[in-house]
Protein chains: 2
Amino acid sequence: MSGPEKPSRGRKVTSFDVARRAGVSRAAVSRAFTPNASVSPETREKVVKAAKELGYRVNYLARGLTTRRSDFVGVVAAGMDNPFRALQIEQITKSLVRRNFRPILLPADQGESADHVMDQLLHYNVSGVLVTSDAPPTALCAEFAAAGVPIVLINKADTIPSVDRVVSDTNAAGKLAAATLVEAGAKQLAVVAAPGPSYTARCRLQAFMGACYALDVEARVIPVEHNSYREGLAVAEALKGVDGVFCINDYMACGLIDGLRRLGGKVPDDVRVIGHDDIPQASWAAYELTTFRQPCDVQAEQAVSLLISRMDDPTTAERFEVTPVSLVRRATV
Amino acid sequence: MSGPEKPSRGRKVTSFDVARRAGVSRAAVSRAFTPNASVSPETREKVVKAAKELGYRVNYLARGLTTRRSDFVGVVAAGMDNPFRALQIEQITKSLVRRNFRPILLPADQGESADHVMDQLLHYNVSGVLVTSDAPPTALCAEFAAAGVPIVLINKADTIPSVDRVVSDTNAAGKLAAATLVEAGAKQLAVVAAPGPSYTARCRLQAFMGACYALDVEARVIPVEHNSYREGLAVAEALKGVDGVFCINDYMACGLIDGLRRLGGKVPDDVRVIGHDDIPQASWAAYELTTFRQPCDVQAEQAVSLLISRMDDPTTAERFEVTPVSLVRRATV
DNA sequence: TAAAAGAATGCACACGTGCACATCTGTCAT
DNA sequence: ATGACAGATGTGCACGTGTGCATTCTTTTA
């Protein structure tokens, strides 16, 4: 019988085994599985055949040892209760896998600095790191730079040397939010946001307030602890007299709308609400939330591209890409 | 000056460098970073000091080469638009990281078999795989078993040799759903579910119908394509005459409720609705959905435990653990 | 005090692979 | 016919680490 040679009890099958079976040298096996290597078609075929029979698979960890590179990319994320984050992670991992990278997902607890978990990544020769957590790494950035491991921050904080960033167009969102609310007849505006670690939230808030000032409309800042559904729900009663709200993300906006309705308010008749992110729930019939679409598939693609280009050329100055946002008009304004 | 020895331009610092700086052998360095190894406290201290000064980190990939094990665990998931899946992934990865494993996240497209992506994992010496995708791997299971890599399926299909499974208590959920709806006065029951690949969905459906039969209540099966919000929304108009619905998951139940309301129906006055999973949205004020809580943190913990125990002893017969579900009574019934 | 036991350390090999280099073959132009 | 040349193949070293074994040093026991 010519079935699988051995049940290979625990024993791993190596390139040496394949070489012997195919009657070639071990180097030939290596070349057969290396693109653009110098092998004759017949040899390659023999090797592939033997490999299949033995159930051989190239050990990418060992390969990485000699090539000094790995296919791993760290993905640091926090707050997956926010549906936007979940989609973001899905898009990021899909984009990575599509380009033959393996994402190592590290959940960082809300608010906690990413330094702690990221420290682990340096042990695995990751060829890059994507960060989406609220609190970006700071202390470790230098170490990653020294190790030649590029980092790309998505929607995160201030300029860090040799760290690329992808950020959605916060200025456009803030300005357009204010203009849209005013245009719809709102006189007393407010923006709900946590003063916490979320960088884009702060920027949008700032842009919104600036625009309100320019439009000469009264506007208040209503702070919350976290930009979450619960906080949005609770903060509704702090909106007496307000007839136009920019809620810093949809996740919280859903809570805000539920809170307003619970208090007997009508949306958009009494209060106009505008959110940000265009999470799936924003289009749910219960909300029909007017919001800004932040295309996280495009953003993921941008981030991965940035990462790859910096792997190839680590010397370029840090870059800063802005992803456009677009207003999705629904029923809350 | 005694600062960082060299800027280490590209050059990786290895255990050899540390050994030289600490004035010990390379083996001593290895032992200093290996738990329960035979090293004197002084030597360890010298090594750690030198390592810190040089910015040395043990290369876990190389370590895995000699120890023949890696810290990687594959996590195969699909359908992250369903919030339950997102939470599941968060819990699973957290549980893995807590036990010092590194999760490699592989998104499997909806409906697509997991075989395609899982094939990659065998190249990375993963010490285990957790599968949450709808369509579980079938063809590859034997190969993983031969390679000695344990697999644990979460809420997935039928018995596969030497593959452990964790499944929520579908019987209890189906039965209790029927009983609860009848108790609330419903006369015409229905269950909405996709006949597709989701194993637990099928089981719950079956248990529900069985219970209805036992209770001598009329009940219909209303099929959909996918168990998603959109389908739930659309299927509402197919529920003429029905006054009690078991919706196979909350994600779809939210759509169903929105659909019923859009048609002018009252929940729970006209139609009682009961869901499953207790996703965050189920507790949102807009829904207040009565549902079954499936504790995905507990489930993740169970799955990881099962995985680890099988790493240690691969010979045990395949196991099957049932996670209890609990009815969360809210306002839709 | 001598002997035995134990702890600490260094040497050398192994893990599975890629790649530089040397070697060998066959082809084509001169 | 001879040389140059390109392609295919084998040999040997390197990647960074763990660990068995022998050796040395320290402590305990009779």
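Side chains are part of it too, since the values below use all heavy atoms of this structure and drop only hydrogens, waters and symmetry mates. Within every chain, numbering begins at 1; the chains are lettered A, B, ... in the order of the sequence lines, protein sequences first and strands thereafter.
Of the two residues near DNA chain C, B:Ala28 and B:Leu65, the one whose nearest nucleotide lies more 5' is B:Ala28.
As rounded to whole Å, 18 Å separates atom P of C:dC15 from atom CG of B:Asn59. For the pair B:Leu122 CG and C:dG16 C1', the computed distance is 16 Å after rounding to whole Å. In this structure, CD of B:Glu45 is placed 16 Å from C1' of C:dA8, rounded to the nearest angstrom. Here the C1' atom of nucleotide D:dG16 and the NZ atom of B:Lys12 are 11 Å apart, to the nearest Å. Counting to the nearest Å, the P atom of D:dT17 and the CG atom of A:Leu61 are 14 Å from each other. Nucleotide D:dC15 holds its C1' atom 19 Å from the OH atom of A:Tyr60, rounded to whole Å. Across the protein-nucleic acid pair, A:Lys46 atom NZ and D:dG10 atom C1' stand 13 Å apart, rounded to whole Å. Atom P of nucleotide D:dT26 and atom CD of B:Glu42 are separated by 11 Å, given to the nearest angstrom.
Applying the ring-ring contact (aromatic ring centres under 6.0 Å, His included) definition to pairs two or more places apart or across chains, those involving residues 44-70 of chain B are A:His123-B:Tyr60, A:Tyr124-B:Tyr60, B:Phe33-B:Tyr56. Within the structure, salt bridge (charged side-chain N to carboxylate O under 4.0 Å, His left out) contacts touching residues 40-52 of chain A (residues at least two apart or in different chains) are A:Lys49-A:Glu53. Pairs engaging residues 84-101 of chain A under the salt bridge (charged side-chain N to carboxylate O under 4.0 Å, His left out) rule: A:Arg85-A:Asp134, A:Glu90-A:Lys94, A:Lys94-B:Asp109, A:Arg98-A:Glu301, A:Arg99-A:Glu301 [sequence neighbours left out]. Within the structure, side chain to side chain donor-acceptor pair (under 3.5 Å) pairs that include any residue of residues 31-40 of chain B comprise B:Ser40-B:Thr43 (at least two apart or interchain). Annotation: salt bridge (charged side-chain N to carboxylate O under 4.0 Å, His left out) contacts involving residues 118-132 of chain A, sequence neighbours excluded, comprise A:Asp119-B:Arg57.
Between the B:Asn125 side chain and the A:Asn59 main chain, no donor and acceptor come within less than 3.5 Å of each other. Here the side chain of B:Asp17 pairs a donor or acceptor atom with the backbone of B:Thr14 at under 3.5 angstrom.
Which of D:dA8, C:dT9, D:dG16 sits closest to the side chain of B:Ser38 comes down to C:dT9. The B:Ser40 side chain lies nearest to C:dA8 when the options are C:dC15, D:dG16, C:dA8. Considering only side-chain atoms of B:Ser25, the nucleotide from C:dA8, C:dG10, D:dT17 that sits closest is C:dG10.
Within 4.0 Å (heavy atoms only), B:Arg69 reaches no atom of the nucleic acid at all.
For the side-chain hydrogen bond (donor to acceptor under 3.5 Å, both in side chains) test, residues two or more places apart in sequence or in another chain that qualify with A:Thr323 are A:Gln299. For B:Arg63, the side-chain hydrogen bond (donor to acceptor under 3.5 Å, both in side chains) criterion is met by no residue, not counting sequence neighbours.
Remark on the helix from C:dT1-D:dA30 to C:dT30-D:dA1: inter-end axis angle 30°, axes from five-pair C1' superpositions, rounded to 10°.
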Per-nt protein contacts along nucleotides 18-23 of chain C (heavy atom under 4.0 Å; B base, S backbone sugar-phosphate only, - none) come out as BB----

